[in-house]
Protein chains: 2
Amino acid sequence: MSKLGAAPTLDDVAKMAGVSTATVSRCLNSPDRVVKATRERVQSAVDALGYTPNFAAQVMAAKRTFTIGAIIPTMENAIFARGLQAFQEELHQHGYTLLVSSSAYKPDIEEEQIRTLAARGADGLLLIGHDRDPKIYEFLNRRNIPTLVAWSFTPDAPVPSIGFDNRAAMCALANRVIAMGHTRLGMISGVSAGNDRARLRIEGVKDAARQNGLDVSDLTIIETPYEIECGAQAFSQLMGQASHPTAILCGNDVLAVGALRRAQEIGLRVPKDVSITGFDDIELARIVSPALTTVHVPHREMGRKAALQLIEMVEKQVTDQGEQLDTSIIEGQSLGPPVGI
Amino acid sequence: MSKLGAAPTLDDVAKMAGVSTATVSRCLNSPDRVVKATRERVQSAVDALGYTPNFAAQVMAAKRTFTIGAIIPTMENAIFARGLQAFQEELHQHGYTLLVSSSAYKPDIEEEQIRTLAARGADGLLLIGHDRDPKIYEFLNRRNIPTLVAWSFTPDAPVPSIGFDNRAAMCALANRVIAMGHTRLGMISGVSAGNDRARLRIEGVKDAARQNGLDVSDLTIIETPYEIECGAQAFSQLMGQASHPTAILCGNDVLAVGALRRAQEIGLRVPKDVSITGFDDIELARIVSPALTTVHVPHREMGRKAALQLIEMVEKQVTDQGEQLDTSIIEGQSLGPPVGI
DNA sequence: AGTAGATATGTAAGCGCTTGCATTTTTGAT
DNA sequence: ATCAAAAATGCAAGCGCTTACATATCTACT
């Protein structure tokens, strides 16, 4: 018997069952290669000892971890929660474990975490968005770690992606806003540096402006971290302008909720006095009143498909193109026609 | 040089730098035990090769992972997010990595995850609440894995805890409600089986009722999962009763938001027609209107202190009692005096 | 009964790292 | 210069597991 406080090992089980460690290992990993009587003897030794395989040792010997790493920008709000949950569930179905960490939208932290996950032997990696130092892609490539990007689909990026067209989605929403009669648009965007989703959503608004003959230079865009309070501040800033916008497109629902709250605080009626739109369609968007008009993103589907594709990449060593998912516009009550001028 | 696609090893670095693997290891782990010239030579080999230590091998050899595991009931809503974030930050400060998984409030999943984390060599574990199969505590004890419970403080439990007195906190809130003049109380609680927080909060409401001479058997309590929609349904159910409550205490803010939304959907004004209270003081509580009257829990402080204490348990092999934190009542606009009968 | 072929089990070589101990080199006091 | 003590480095034994290969045992025929 091993020392107290130390976990029982394969060896302990083997001794107790009167077989070799190889047999115990086989009982656990490919039971059909072991005759029933032995298997049962081993099983009861396992139970008696409360044996659990040592993960590190398994990894060393088998060179597989059945672990997938995911690095998301934040856990503080719900943007990634639903998609990640679905991702996790699908992984679990296939016998994989998910390791999550969040980078707080900081590129250097993300890089450190990618290295950590690599060191921990992640069989594959899920990252959010494409924008990052090319050296990271080199590293991943050299290490031969299958990597998939989610929340943003771009066909010819260094790694395949599964997501949606942020630019087109935001453009569609902006077109809807303009079709309502708005000509003075404002935008509260997330910080676009190193964030392709934010960058593309800005482009989408600009596309719509151009398509409708609006002057793009009239469009005021404020970039700010994805936090409710920041959305509120940006809203004040936009509305403080001499000729303030009649509709404000927000880079995501969190910012939109901040803007909405501030609007109500300063006595503006939404959408009567000002329209506000979001992006993502997180639960929050439907809870506030008026409910947000926003872009629905198929989070669960994205998470599930990302898991399936990543597993395929890991197991088959193939790399396909990825997949583009559709978004749709959710009609809330936060968008209406402009009143007066 | 090792095979392509394989990570460089200590050996590769050692060869390139012309030293032994022991020296390379020391360079990385206790640089002061190596003379400067050597250290620099090794460092450049490390850089040139893009070497990252293999985590599994480190764990096997050193028997330490510098990893702390945490199992929380859910990531779907924000209840644990802030506390966990603080926990993580503090761990990071001390060189530890956090491994999180969520059990979806299912005891068997939690047990499996505890075993998984143990197999992965977690140096310590953070669990939420005390209620679980005693066998789990035996297992943890046998394996000698320092464990701390958060979100609920109970002095004489199997493992130390850092949290607050759920019962007293809820009792204080209920007293406040009763002091407003409410006599017909309803409660929408989380599922109390295997959840001491939920159970104690129910007790807290009962305590307050008794203290004020109300008939406890009049108190209708509905148990339902912690989801917005469930809160909404429970609200309908409570208000459908012949003599419905004038104030509804919810087991947490998520349920309260569901109740609030349903109230508004069916045209009840809060707090004029019915008062609603929450628990936890998550961001959501302040966003809805009217803002919730709720119990503030010092999430960040709890997370931070949990990290510090757990690290101490891991490093010093000591086990102190834990700590009780204070809660306070946040005055929102969802609680008011009852109107009419 | 005898034997080829299949099936079950054992043997032992690593996987990449840390670390106690042995050895070599440096240091500094004589 | 000399030598003991201190500092730097090397050697090699594991850590607990998987798995290729070797060996033993069992089938089902002739």
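In what follows, chains are A, B, ... by sequence order, proteins preceding strands, each numbered from 1. Predicted, not measured: the structure shown is a model, and the values here were computed from it. FYI, side chains are in, hydrogens and waters are out, and symmetry mates aren't considered; it's all heavy atoms of this structure.
- Between dT18(C) and Ser25(B), a contact under 4.0 Å exists linking OP1 or OP2 to a side-chain N or O.
- Of the candidates dG16(D), dC17(C), dT18(D), the closest approach to any side-chain atom of Leu10(A) belongs to dT18(D).
- With distances taken from any side-chain atom of Arg26(B) to the nucleotides dG16(D), dT18(C), dT9(D), the minimum falls on dT9(D).
- Out of dT9(C), dG10(C), dC17(D), the shortest distance to the side chain of Arg33(A) is found at dT9(C).
- Under the 3.5 Å distance criterion, the side-chain polar atoms of Asp123(B) are matched with a main-chain donor or acceptor of Phe66(B).
- A donor-acceptor distance shorter than 3.5 angstrom exists from the side chain of Gln113(B) to the backbone of Ser102(B), with no hydrogens or angles considered.
- Contact between the side-chain N/O atoms of Thr9(B) and the OP1/OP2 oxygens of dG16(C) is not found at any separation under 4.0 Å.
- Within 4.0 Å of Ala22(B), counting heavy atoms only, lies at least one base atom of the nucleic acid.
- Judged by closest nucleotide on DNA chain C, Val35(A) is the one of Thr21(A) and Val35(A) placed further toward the 5' end.
- Within the 4.0 angstrom heavy-atom criterion, only backbone atoms of the sugar-phosphate kind lie near Tyr51(B); the bases stay farther away.
- As judged by a 4.0 angstrom heavy-atom cut-off over every strand, Val59(B) is placed among residues making no nucleic acid contact.
- Between Arg300(A) and Glu89(A), at least one side-chain N (NZ, or NE/NH1/NH2) sits under 4.0 Å from a carboxylate O, which counts as a salt bridge.
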